[in-house]
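Below: one structure, written as structure tokens.
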Amino acid sequence: MSDRRPTARATWWLGPLPEVSLALVTIAAVLGLDRIFADRSYFGPVVLAAITSHALAWTLRRRGVNAGLSAVISLAAAVLFCAWVIEPSTTAYGVPGGGFWHAAVDDLRHAWAQYDKVSAPVVPERGFVLASAIGAWWTAFVADWAAFRLNAAFESLVPGFTLFTFAAALGSGEGRITASALFLGAVLFFLLVHGATQRSGRTAWFASRIHGGPEAIIRSGALIGAATVIVALVVGPAIPGASDEAMIAWRKRDRNPNPSRVTVSPLVDVRGRLVQQSDVEVFTVESKVRSYWRLTSLDTFDGSVWGSRGSYKKAGDHLKQVDRVQADVTEGVQRFTIEALDTPWLPAAFRADRYSGPVGVTYDAESSSLLTEADTGAGLVYDVQSALPKFTPQELSAAPTAVPNDVESRYTELPANFPASVGRLAQQVTGGARTTYDRALALQEWFRTNFTYTLDVPRGHDDNAMLRFLFQDRRGYCEQFAGSFAAMARTLGIPARVAVGFTPGEVQDDGLYHVTGRQAHAWPEVYVPNYGWVAFEPTPGRGIPGGESYTRVPDQQDLSTGPVVLPDPSAETTIPNAAATPNTTPNPNLRDPGDDSVLSGTPFGDASHGSPWPRRLLVLAIALGALAVLWLVAVPIAGIWLRRRRRARAVTPSARTLVAWEEAADTLALVGAARVASETNDEFARRAVTVADVEPSLVDPLAQVATIAAFAPQGVGDDDADQAVALSGELQTAVREHAGTMRRLRWVLDPRTLRRR
């Protein structure tokens, strides 16, 4: 007896450690997906899937559920998990129906379609997250089955290794050393714990006599494993040839070493839209503010084409701004429904502050532009909240002239062979203007006064086309006006770029702005210190909504496609040539621009909208808390009720005796002395005295009277029944007092005590 009990006390902590160490292997494999995804929004649902699957497998195994039924239960739980966590909007009161299956299949099909088209790192769209969660769930269940049902340690590592290898094969090279270290460390830790647990079970007598037993094995093994990982990470990359290219380019990323997305400059497409697609409706806008719907801005000019250099990251609820605007702003919310827009850029009023819509949309803070990962934005419906600055001539004129070095170097760059005649012309046009604002305004007025808008000119904005436009023809469309303005501003040392998008479109009876190809437009933006990027309008016949005060140009656009709602020119205003707000019928689903809330159904006001996981985890925590409280109350009450019910049904002395014996046996089972079917009552009593360390005087008489009550034809009398009840009560009290407070609390909350024998 003394040989066995110390071992149990020394290794009690080994109980849950093998399961925990195996779960760490799965989590380490999931962390390897960092090399596939552009951000960690995938991490919450995928890791939660792995942990839930491990916990469920452990529970089913401890409850004695066979492997086949466990697999069925785990599959059903996986479906519920995916419905509740990844596709919550498709359930009806939490029950997944046809909508869930349809959405899940569509998301997985879309992810599969993107599989061969994209290279890591990719935006974690819902289909990718769903597939990853399913993979993590499967990995956890199979690993648990192999490790603890088949007792096969190395085989249990195959699922996690498969997931890790998949991430390594498809992922980028960034972070590979960290990911490998975490996975290798988790694998070694699991093998160490699993082996120590097996040894402690097979060699209890020996382990109880060596210094520390399994504890010493794990401690020594951990030191050896840590040293192995460190040596592998330090020596491995230093081996000659470790950094060379693979002999066989088996990964897509190796076959395409430059996976950056290449897109055509949207400026090249402007004239084609104006001429060929003039009557095609490209999108509609639900908005209470009127604005140019801006796609992006172009900051590079090589003498032939204006282009852009952007660093796009996942578009969250709040969109980052690179500079602060010291001007009053009007909050404006728009809901865009894209129909025939065949570019990846998505329209929004400048400056976009918040985005709400489908995943797979990225954002570049420098150009303040949204980009979809798909080839086009067709079919998207999304919401944008913008902060529209209200500039005044006085503020812009008083702005300082010093420009940040990074802005000046990037946005005043011109080709080395750029014609000097364009610079001299810019100096002539701006004359004695001193400030950035005054020079930009002078350029704008010169174009609007001396040039004619027409589409009947050759396409292009290179040096030769620009020279013809500026010095000969003086006729062109917005592409030439915007590009020439920006280039001339740069010759003056003024940071400038070309913005591309659409004019507002026309408001129809549905209260929406309907934007066609004819509204495609380009305009220049000038950087004014303290106020950021300020739009100007050099194209005749066009005017920026909300910019009348500083551009001195009323809101106007192309009218040839039909009636366009323009500002009322008779409205009273203190600014000459300025106009009032368009006289349109407000949409009842919109609120005042100054209100913190936005379009109905667009929860910008919800702080968790950028990532739904904080709110989902809060709901999950509340649900788990409620279940915990229910458990704390229901299990003890159910135990009391069952005990009273069982006693009430025992109406004869023999029945009372057998109930008392069953309650005593249940209590002894809690301390490791569970009954065996082949044992007699006397055999069980002798073993229970040894294992549970209780007085024989409490167990032996109770076992004898229980045997008489069960098998004697006459049964037992009332006195024997009273003695059995008393002995059972004393035995239960003795066991519970010896156990301690925390152990007694676990017994009270253990649902296994509710089972009847």
Side-chain angles (χ1 to χ4, degrees), residues 270 273-295 330-343 345-350 352 355-358 370 376-386 388 478 501-521 537 541-548 553-573 578-595 597-604:
V270 169
R273 290 187 177 280
L274 293 172
V275 177
Q276 300 170 8
Q277 302 177 350
S278 60
D279 296 327
V280 175
E281 184 172 281
V282 290
F283 59 87
T284 61
V285 190
E286 181 182 9
S287 175
K288 290 195 70 174
V289 298
R290 183 178 174 86
S291 176
Y292 277 0
W293 314 123
R294 186 177 179 275
L295 294 175
T330 298
E331 294 296 333
V333 180
Q334 316 107 57
R335 170 163 293 171
F336 290 90
T337 301
I338 309 300
E339 298 175 11
L341 184 61
D342 57 359
T343 72
W345 287 277
L346 301 179
F350 186 73
Y355 166 83
S356 173
L370 296 164
T376 73
L380 290 182
V381 178
Y382 61 94
D383 301 319
V384 174
Q385 180 171 314
S386 304
L388 288 78
C478 57
F502 294 83
T503 55
E506 57 179 303
V507 178
Q508 296 185 2
D509 294 339
D510 55 8
L512 304 179
Y513 288 91
H514 290 254
V515 182
T516 67
R518 187 174 294 277
Q519 275 83 53
H521 190 47
E537 187 50 276
R542 306 294 186 272
I544 303 171
E548 299 90 341
V553 178
D555 178 357
Q556 52 187 315
Q557 63 180 332
D558 185 6
L559 301 177
S560 60
T561 59
V564 178
V565 179
L566 293 174
D568 182 3
S570 63
E572 295 184 3
T573 178
T581 305
N583 183 20
T584 61
T585 303
N587 190 307
N589 291 329
L590 296 176
R591 300 181 183 176
D592 291 336
D595 196 350
S597 56
V598 295
L599 293 170
S600 60
T602 309
F604 279 123

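Predicted model only: the values in this text are computed from it and were never measured. Each residue takes its place number in the sequence, starting with 1.
Remark: Arg290 CZ to Ile544 CD1 distance equals 13.0 Å, nearest 0.5 Å. Interatomic distance, Gln334 CD to Lys288 NZ, rounded to the nearest 0.5 Å: 13.5 Å. The CZ atom of Phe283 lies 10.0 Å from the CD atom of Glu339; values are rounded to the nearest 0.5 Å. Summarising the geometry, atom CD belonging to Gln519 is positioned 9.5 Å from atom CD belonging to Glu281; distances are rounded to the nearest 0.5 Å. Atoms CD and CD, on Glu537 and Glu548 in that order, are 11.5 Å from each other to the nearest 0.5 Å. A distance of 8.0 Å separates OH in Tyr292 from CD in Gln557, rounded to the nearest 0.5 Å.
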Report task. Start with the C-alpha distance between Asp510 and Thr284, add both sets of side-chain angles, then the distance that settles side chain to side chain contact (heavy atoms under 4.5 Å, CB included), and finish with yes or no. Result -> CA-CA 10 Å; Asp510 55 8; Thr284 61; 5.9 Å; no
Requested in this report: Determine, stepwise, if the pair Leu512 / His514 fulfils side chain to side chain contact (heavy atoms under 4.5 Å, CB included).
Outcome: CA-CA 6 Å; Leu512 304 179; His514 290 254; 3.9 Å; yes
Query raised in the report: Between Leu370 and Phe336, does a side chain to side chain contact (heavy atoms under 4.5 Å, CB included) hold up when you go through it step by step?
Result: CA-CA 12 Å; Leu370 296 164; Phe336 290 90; over 6 Å; no
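Here the closest heavy-atom approach between residue Pro347 and residue Tyr382 is recorded as O-OH, 2.7 Å. Residues Ser291 and Pro504 come closest through the heavy atom pair O-CG, 3.3 Å. Pairing each heavy atom of Leu346 with each of Gly377, the nearest pair is CD2-CA, 3.9 Å.
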